[in-house]
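Note on naming: letters A, B, ... go to the chains in the order of the sequence lines (proteins, then strands), and numbering restarts at 1 for each one.
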2 protein chains.
Amino acid sequence: MKKITIGDASRQSGVKVPTIRYYEGIGLLAAPSRSEGNQRSYEPADISRLVFIRHARELGFEVEAIRTLLTLQDDPHQSCASADAIAKARLIEVEQRIRSLMALKVELEAMVEGCGHGRVDQCRVIEVLADHGQCAHPHHGLPVSSLSVS
Amino acid sequence: MKKITIGDASRQSGVKVPTIRYYEGIGLLAAPSRSEGNQRSYEPADISRLVFIRHARELGFEVEAIRTLLTLQDDPHQSCASADAIAKARLIEVEQRIRSLMALKVELEAMVEGCGHGRVDQCRVIEVLADHGQCAHPHHGLPVSSLSVS
DNA sequence: CCTACATCCTCTAGCGACTAGAGGTGCAAG
DNA sequence: CTTGCACCTCTAGTCGCTAGAGGATGTAGG
């Protein structure tokens, strides 16, 4: 048995070292055995689990959803209805988010296009922001709190 | 002059009461005058500023970008090149985010469709998550850290 | 065997943009 | 005068990490 250090686990899974420790802390990944010098030593199964987690995160699943998906994976005789429901919910979220972003895109394009590159008092960017009534769409349908840049 | 309470300011602007106080704390909104009983008393101009901020947040602008946009608005003789640049940068972000989400949508649809609604050991949702090689696309192009649900 | 140096360890604090709650005060209606 | 809501300040929590301090371990070369 060759021992997999946390650094190797990171390179093999694509999950950063501090993130692996973080996942252990929140109980997404079981605490691995330790070397004599107290260093974490992973098994190939842990790498698979990390890849699973990373992929799910890339797909935008929340940690709590991933926790559920992982317990499902651990017990393959269960019905996969929950996994299906989680994926479907995420799909709906993604579709809604795409629609919202499309509306934003239209509005941002109008702002940028309308800007005559002059002074601020003629700038459509500033103007549109100050007066929501000028929007192409009445609203974008998202609570302010739910916005993210990325 | 009728005094506008923070509650009225909230209702008129669509920004929640604690968020208004938060914006004051981070210097996005000037501290208003106070009533005898130490309660905030807003002017109509403050409401406009809050509407501006809310709209910009709805469009996904970061607080720091909004801070810049607000200083531009406060000095209308400046060139609006910065405002234009901020809006353009945001537009590019939105376009990239839409592309990423479209890729996710394709993958999630394949997962959901492939699920035979049986047991977990035949579930494509779990399977795809465990093995990134099964993805339609090699990757989604986003760092894990940049993902958000909304 | 000694020294570098990378990698590992734990722990705490910070990010952005709020949100929730505790514990207390102001104010307007009945 | 009391009820009850809206307001006040302050601290701490949310999510999913990320950064840094300060120290221990492991490995490769001399």
Trainee: How long is the line joining CD1 of Ile53(B) and C1' of dC18(C), in whole Å?
Mentor: 14 Å

Trainee: Heavy-atom distance under 4.5 Å between the side chains of Arg40(B) and Arg21(B), does that happen here?
Mentor: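 Answer yes - side chains close enough.
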
Trainee: Assign each of Val17(A) and Glu64(B) to its nearest nucleotide of DNA chain C by heavy atoms, then name whichever residue's nucleotide is nearer the 5' end.
Mentor: Val17(A)

Trainee: Looking at dG26(D), I'd like to know if its phosphate oxygens (OP1 or OP2) sit under 4.0 Å from a side-chain N or O belonging to Ser35(A).
Mentor: yes

Trainee: What residue among Val15(A), Thr19(A), Leu28(A) forms side-chain contact (heavy atoms from CB on, under 4.5 Å) with Leu50(A)?
Mentor: Val15(A)

Trainee: Could you pick out which residue, Thr19(A) or Gly37(A), lies toward the 5' side of DNA chain D when each is mapped onto its nearest nucleotide?
Mentor: Thr19(A)

Trainee: Compare side-chain N and O positions of Lys16(B) against OP1 and OP2 of dC18(C) and report whether any pair is under 4.0 Å apart.
Mentor: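 False: Lys16(B) side-chain N/O out of range (4.0 Å or more) of dC18(C) OP1/OP2.
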
Trainee: Do any side-chain nitrogens or oxygens of Thr5(B) fall under 4.0 Å of OP1 or OP2 in dC7(D)?
Mentor: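 For dC7(D), OP1/OP2 do have a side-chain N/O of Thr5(B) under 4.0 Å.
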
Trainee: In this structure, how many angstroms lie between the P atom of dC18(C) and the CZ atom of Phe61(B), rounded?
Mentor: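 Between P of dC18(C) and CZ of Phe61(B): 15 Å.
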
Trainee: Take the protein atom CD of Glu36(A) and the nucleotide atom P of dC9(C), then report the distance between them rounded to whole Å.
Mentor: 15 Å

Trainee: Return the nearest nucleotide to the side chain of Ile6(B); candidates are dT18(D), dC8(D), dC9(C).
Mentor: dC8(D)

Trainee: Please examine the side chains of Ser41(B) and Ile4(B), heavy atoms only from C-beta on, and report whether any two atoms are closer than 4.5 Å.
Mentor: no

Trainee: Could you check how far CG of Asn38(B) sits from P of dC8(D), rounded to whole Å?
Mentor: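 Between P of dC8(D) and CG of Asn38(B): 8 Å.
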
Trainee: Tell me whether the OP1 or OP2 atom of dC8(D) has a side-chain N or O from Arg40(B) closer than 4.0 Å.
Mentor: yes

Trainee: Within the 4.5 Å heavy-atom criterion, are Arg54(A) and Lys16(A) side-chain neighbours or not?
Mentor: no

Trainee: Which whole-number value in Å describes the distance from Ile66(B) CD1 to dG16(C) P?
Mentor: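 Computing the Ile66(B):CD1 to dG16(C):P distance gives 13 Å.
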
Trainee: Just how far, in rounded Å, is P of dC27(C) from CG of Asp8(B)?
Mentor: 15 Å

Trainee: I'd like to check Leu72(A) versus Ser82(A) (side-chain heavy atoms, cut-off strictly below 4.5 Å). Are they in contact?
Mentor: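 Result yes, sub-4.5 Å side-chain heavy-atom pair found.
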
Trainee: For Arg34(B) and dC27(C), give me the distance from atom CZ to atom P, rounded to whole Å.
Mentor: 12 Å

Trainee: With DNA chain D as reference, determine whether Tyr22(A) or Gln39(A) sits nearer its 5' end, using the nearest nucleotide of each.
Mentor: Tyr22(A)

Trainee: Using OP1 and OP2 only, check whether a side-chain N or O of Arg21(B) sits under 4.0 Å from dT9(D).
Mentor: no

Trainee: Using whole Å, report how far CD of Glu58(A) lies from C1' of dG16(D).
Mentor: 15 Å

